[in-house]
Amino acid sequence: MKTILTVDFGSTFTKVSAVCAEKAEIIGTAKAFTTIETDIRDGLNNALRELESQTGKLEFTSRLAASSAGGGLKMVAVGLVPGLTAKAASTAACSAGAKVVKTYAYELSHAEQQEIYDINPDLILLSGGTDGGNKEVILHNAAKLAEIDQNFATIIAGNKSVAQNVCDVLVRSGKDARVCDNVMPSFNTLEIMSAKNAIRDLFMEKIIEAKGLSEAAKMMSIPIIPTPLSVFEGAQVLSDSLGPILVVDVGGATTDVYSMCSGVPTLPNVGMKGLPEPFAKRTVEGDLGMRYSLDALVDAASTAGRNMDDLDNISEFQALCKANPSIVPDANSPFHSYDEKICGLAIDMAVERHSGKLETAFSPHGEIFYQIGKDLSDVKYVIGVGGAIIYSANPTSILQYATTPPGNPYLKPINPKFLIDKKYIFSAMGLVSRVDKQLAIKIMEKDITEV
Amino acid sequence: MNGKTLVMGVIGADVHAVGIKILSHAFEKAGFKVVNLGVMVSQEEYIEAAIETAADAIVVSSLYGHGELDCRGLREKCDEAGLVGIPLYVGGNLVVGKRNFEEVEKIFLDMGFTRAYPPGTTPERGIEDISKDLGIA
């Protein structure tokens with residue numbers, strides 16, 4: 001029997017599942033506390049023992065792992081103009097599965113140097129200038145980064161005419177730096193593959209070791225990847241079979257949104273403006289989370305003028321969550337209904353930020369429309385991931401927040417079907433798809449169910 | 001290639017798409033690297049494109065008669081964004097009605113444009129002037 005093991009080294013839990021290839025199903029799942037302080041393999045072995053107590057002794061034909069342990073892959077993106085190379089750099093980092101803590105534009109200031117020192121990122125993606133374009137700013141920024149006394153590696157994805165000089169500046173200061181293709185080789189074109197691959201390579205070479213994962217990595221059949229990347233790839237594979245999809249993953253600290261669609265205008269006579277966006281796009285909202293970022297979420301919702309009528313005692317609930325982030329209000333709690341509403345708000349705002357916007361201009365020829373970002377109105381399925389959605393008695397009412405009636409300038413999905421990832425298999429299936437794509441699709445079609 | 005980069009486009013809410021394509025081809029053929037922003041270009045878009053591509057000049061086209069309103073402040077914004085002294089060119093049907101071009105030209109030169117062109121100017125004339133201004137032999 002061909003059995004595949006998937007492992008997800010999370011910040012808190014190490015989750016394992018066993019996949020039977022012949023039956024195309026998950027035959028068991030288990031979790032144990034992640035043991036990053038001692039030896040990460042202890043937690044893995046505990047989870048495996050738990051797994052085998054359900055299934056009996058298992059022989060694995062392949063072992064696959066993703067990790068977000070030790071804070072995940074923490075990155076900073078640096079570019080020149082905010083809406084151009086800075087955005088291109090942050091898009092590239094995001095789609096490589098990184099947590100982009102902050103994006104900087106123009107010449108880095110002294111205060112920003114200090115900020116990057118405090119963020120202490122694992123990697124920096126440095127861009128700026130189209131090929132043959134501006135050289136001064138990326139050189140300036142390399143010199144500024146070289147002065148920061150932290151052990152990050154830098155990927156240079158800027159103006160090819162000075163990329164090597166930029167690299168030399170960093171290497172001379174004793175930092176690891178490498179050059180890849182420009183994320184914006186000519187004006188308004190986005191080329192993220194090379195940067196994405198460079199991030200993956202550095203993750204394997206350096207971050208795995210820095211996060212104490214090297215021994216575990218030796219046990220695996222293929223290199224460990226960042227967990228968001230495995231979710232990303234799971235969603236990508238699923239969209240091969242389902243068509244255009246949107247995945248929302250609401251967690252305690254962030255809300256992640258993945259869209260797999262071309263995003264071209266669905267309305268007639270609409271032109272495109274701004275940086276083109278990739279078919280497979282991921283955004284992460286660090287201020288929209290159910291627990292650790294609940295304060296920021298409440299602030300964002302009131303700034304955005306969202307209706308919070310059902311959340312009368314929200315400040316009390318915020319205090320409770322701060323004291324105990326793992327709190328789950330039971331049926332008798334006055335806060336029982338809060339999580340559904342909060343989750344809805346997170347989805348509402350995260351999807352609005354992810355989707356494109358239709359803008360109107362007035363000309364002597366009448367109204368003219370143009371679209372910035374991706375049009376998601378034709379998305380066929382919205383898929384919910386995360387505890388607040390999958391354990392809710394009424395997931396449809398939560399996922400409804402991802403949609404909009406026609407006529408909204410924000411081009412959110414209009415009439416999608418709703419699915420939920422009840423067993424949280426996206427990450428595992430992203431891993432499985434790396435060795436057997438059809439198997440991953442088969443299992444996802446079975447286990448990601450309509451609500 | 002002469003090594004010079006031009007950012008060009010049609011400013012404001014103007015959607016006249018043909019002329020700018022012709023200009024873009026003509027300038028490319030003359031050896032310039034052209035970043036054509038197309039129609040409905042805002043002042044900010046010219047500036048951002050010029051920063052990223054380290055452009056040597058910005059060429060603004062306006063055909064619908066609102067050029068005076070659309071172009072006002074572009075020079076000041078360029079100064080603010082660090083593009084101090086970048087040559088700015090403008091041409092097309094810059095104003096509504098039959099005004100004498102010397103008057104119109106003065107308005108645009110006072111706004112900080114390097115040169116302004118009346119309707120019917122050939123691409124060759126622009127190529128010649130810009131080549132001279134940018135020091136291309």
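Below, chain A is the first sequence line, B the second, and so on; all start at residue 1.
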Residues in residues 29-36 of chain B near chain A [non-hydrogen atoms, under 4.5 Å]: Lys33(B), Val35(B)
Part of residues 10-23 of chain B lying next to chain A, heavy-atom separation under 4.5 Å: Ala13(B), Val15(B), His16(B)
Option among Asn188(A), Asn159(A), Thr130(A), Thr85(A) that satisfies the side-chain hydrogen bond (donor to acceptor under 3.5 Å, both in side chains) test with Glu52(B): Thr85(A)
Other residues, nucleotides, ligands: >12 heavy atoms within 6.0 Å of Asn269(A) CG: no
Those residues of residues 131-140 of chain A, ordered by number, that approach chain B below 4.5 Å (heavy atom to heavy atom): Asp131(A), Gly132(A), Gly133(A), Asn134(A)
Interface moiety of Ile368(A) toward chain B, non-hydrogen atoms closer than 4.5 Å: side chain
Over 12 non-hydrogen atoms of neighbours within 6.0 angstrom of NZ in Lys74(A): yes
Portion of Ile47(B) that has a non-hydrogen atom of chain A nearer than 4.5 angstrom: neither
Closest approach of Lys273(A) to Val39(B) (non-hydrogen atoms, all atoms of both residues): NZ-O, 3.4 Å
Residue Glu44(B) excluded, over 12 heavy atoms near CD under 6.0 Å: yes
Other residues, nucleotides, ligands: >12 heavy atoms within 6.0 Å of Lys77(B) NZ: yes
Within residues 62-76 of chain B, residues adjacent to chain A where the heavy-atom gap is under 4.5 Å: Tyr64(B), His66(B)
Enclosure of Glu28(B) CD (heavy-atom neighbours >12, cutoff 6.0 Å): yes
NZ (Lys99(A)) with more than 12 external heavy atoms under 6.0 Å: no
